[in-house]
2 protein chains.
Amino acid sequence: MSTHPATLSVNEPFPPCHQEFQVSCHTCRLSRICLPLAVNSGDLARLESIIERSRPLQKGELLYREKTPFQSIYAVRSGALKGFCGTRDGKEQVTGFYLPGEVLGMDGISNGHHASSALALETSAICEIPFDSLQRLSASLPGLQRHLFQLMSREITEDQLLITLLGKNTAEERVATLLLSISRRNARRQLSASQFRLPMSRVDIGNYLGLTVETISRVFSRLQKNGVLRVDNKEIEILDPETLQRAANLAC
Amino acid sequence: MSTHPATLSVNEPFPPCHQEFQVSCHTCRLSRICLPLAVNSGDLARLESIIERSRPLQKGELLYREKTPFQSIYAVRSGALKGFCGTRDGKEQVTGFYLPGEVLGMDGISNGHHASSALALETSAICEIPFDSLQRLSASLPGLQRHLFQLMSREITEDQLLITLLGKNTAEERVATLLLSISRRNARRQLSASQFRLPMSRVDIGNYLGLTVETISRVFSRLQKNGVLRVDNKEIEILDPETLQRAANLAC
DNA sequence: CGCCGTCTTGATTCGCCTCAACCAGTGTGG
DNA sequence: CCACACTGGTTGAGGCGAATCAAGACGGCG
């Protein structure tokens, strides 16, 4: 089934509502990097009252689908997802990867339906935040409103970074940049910045970076041969961060 | 100096404050596609009271510069701007073009300083909207808050479109898509969708699309030879919209 | 006029894609 | 239990599209 250590045991096809799902924002390890950042403890209860936590998504399940009505934005509690949109000619473009503590779904706000789809790359626990309620709440909580603006603005700047990456950088620079991005996001969650497991396939990486699988594979091999990385399938160890940093040559 | 017909005569190096600058949102042709969209007439006065209109920007002047403190977002009243950010190796990446009725500067919200620079491609009139005031105001005007969210969300979806374009499409597809985008945005402003003047140089187009000047030039020539376009320097006429549409093959 | 920036066009080069083969791990059914 | 298919990853050979390099055309302007 899933190759990763399942901390949440969901073996039934249609699991009953386990109480494990009912985690609170107060106790959530990710509360500092997720939504509640700018909200004080009193207000947190109000925010929490509108958040819904359903059963975890299994690997391969869709969180939402492109062109369907937009209702909520989502915060990743555990696992990993990819965002992608279909192109006219049947292919797809991966627009982002979402790790624990990150928020997705905000591209659906503008016109009432999702502009992209989101799919679980591994078993993932998700907080659903109905946007109507969030909007109403944020009108009375200036800190929350500000945080939402910041969250969306960050998404914009990150997209611009990716645009630069795709427009200007070589295959090696793109791969290096992605690895460093994941490394940094892991560090933010108190995980190892030098050793981690990629949640996504080579295909997804290539798709995200505008490259083919073969190119991704070749770059990994080259970086390994040069002693920059140790690659064992999805298991990555960054041996020489400085060289990787230089290889990334990142912009913005 | 400027190669384009200057409709606003500002010949002095430091022009005094002309009353032409004091246009109101009520009389602005662009009010439907700019900010006030979701605001009723009574509230419009409150919004307008925080908007500042300074002297027009001359071609080549910066509206704001990357890494400087973020204060305001801006709406284009006339003219055109490009947004861009510098890459580590001294080059730059154009991240967008901004035409009348469009809003820019929102990438600075997330961390208090601009993530990109903005430069006038021709003489441009700009409305400056201090973000602090806007934020306070939007807390009491739900329609305005909603509109701001939508505006930022649209920026995200448009960035994702560009990402797809850069990741998956050929030179010809990219150029065609840009032309159609400008055409559509002109139509929104009641201008001709088939005949217009590009405000930006070939260099800027190439930079934006992740291509070189030479490639842009070649694509224009090819499209002209095939009878899809008539190109006369920056003057463009779309002769065969259907073929251009097919050439664009756009995604998302 | 001659200079300069922008644009165009041609010849060559190079990075990545395409196509193809192969391998390892995993699941499946006889 | 093994044969088999299948998925995901790696590696190699060759081709193509866009970059690079180089030269020239055009237009504005001192």
Side-chain angles (χ1 to χ4, degrees), chain A residues 1-4 59-60 82 87 89 91 93-94 119 121-122 165-176 178 197-226 229-236 247 249, chain B residues 1-6 11 59-60 82 87 89 91 93-94 119 121-122 165-178 197-226 229-236 247 249:
Chain A
M1 173 167 290
S2 170
T3 57
H4 102 129
K59 177 176 178 172
K82 70 168 175 181
T87 68
D89 45 351
K91 287 177 290 191
Q93 168 72 39
V94 173
L119 182 141
L121 295 171
E122 37 187 67
L165 198 66
L166 295 182
K168 296 268 176 302
N169 294 68
T170 65
E172 190 159 317
E173 290 166 338
R174 299 184 203 185
V175 172
L178 175 60
R197 184 174 190 286
L198 295 175
M200 71 293 279
S201 72
R202 301 282 194 271
V203 180
D204 287 332
I205 296 177
N207 195 323
Y208 177 68
L209 296 176
L211 301 166
T212 57
V213 209
E214 295 95 323
T215 301
I216 303 299
S217 184
R218 278 184 248 272
V219 171
F220 274 157
S221 299
R222 203 180 319 146
L223 288 174
Q224 170 148 262
K225 199 165 63 185
N226 298 349
L229 296 181
R230 202 181 51 69
V231 183
D232 175 18
N233 208 339
K234 299 195 163 163
E235 218 63 56
I236 301 284
N249 190 25
Chain B
M1 170 167 285
S2 170
T3 58
H4 103 127
N11 299 320
K59 177 177 177 172
K82 70 168 173 180
T87 67
D89 46 352
K91 287 178 291 190
Q93 168 72 37
V94 173
L119 182 140
L121 295 171
E122 36 186 70
L165 199 65
L166 295 182
K168 296 268 176 303
N169 294 67
T170 65
E172 191 160 315
E173 290 166 338
R174 299 185 203 186
V175 172
T177 303
L178 176 61
R197 185 175 189 285
L198 295 174
M200 70 294 279
S201 72
R202 301 282 195 272
V203 180
D204 288 332
I205 296 178
N207 195 323
Y208 176 68
L209 296 176
L211 302 166
T212 58
V213 208
E214 295 95 321
T215 302
I216 303 299
S217 185
R218 277 185 248 272
V219 171
F220 273 157
S221 300
R222 203 180 318 147
L223 288 174
Q224 171 148 261
K225 199 165 63 183
N226 298 348
L229 296 181
R230 203 182 48 70
V231 183
D232 176 19
N233 207 342
K234 298 194 163 164
E235 217 64 54
I236 301 284
N249 190 24

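What you see is a predicted model, and the numbers here were worked out from it, not measured in a lab. Labels below follow one simple rule: chain letters A, B, ... track the order of the sequence lines, proteins then strands, and each chain is numbered from 1. Only heavy atoms go into these numbers, but all of them, side chains included; no hydrogens, no water, no symmetry mates.
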Could you check how far CG of Leu209(B) sits from C1' of dA18(D), rounded to whole Å? 13 Å
Separation of Lys225(A) atom NZ from dT10(D) atom P, in whole Å? 14 Å
Could you state the CD-P distance from Gln224(A) to dT10(D), rounded to the nearest angstrom? 9 Å
Between Glu173(B) and Thr170(B), which heavy-atom pair has the shortest distance, and what is it? OE1-N, 2.7 Å
Quick one: closest heavy-atom pair of Lys59(A) and Leu121(A), and the distance? CG-O, 3.4 Å
If you take all heavy atoms of Thr87(B) and Gln93(B), which pair is closest and at what distance? CG2-N, 4.4 Å
Taking only residues two or more places apart in sequence or in another chain, which ones pass salt bridge (Lys or Arg N to Asp or Glu O under 4.0 Å) with Glu172(B)? Arg222(B)
Between protein and nucleotides 5-18 of chain C, map the contacts as a letter string: B base, S sugar-phosphate only, - none, heavy atoms under 4.0 Å, written 5' to 3'. --SBBBB----SSB
Tightest non-hydrogen contact, residues Asn233(A) and Val231(A), listed as O-CG1, 3.7 Å
Whole-Å distance separating the CD1 atom of Ile205(A) from the P atom of dT10(D): 9 Å
Can you tell me the distance, in whole Å, between the CZ atom of Arg197(A) and the P atom of dG8(D)? 13 Å
Taking every non-hydrogen atom, the tightest pair across Gly60(A) and Leu119(A): O-CD1, 3.6 Å
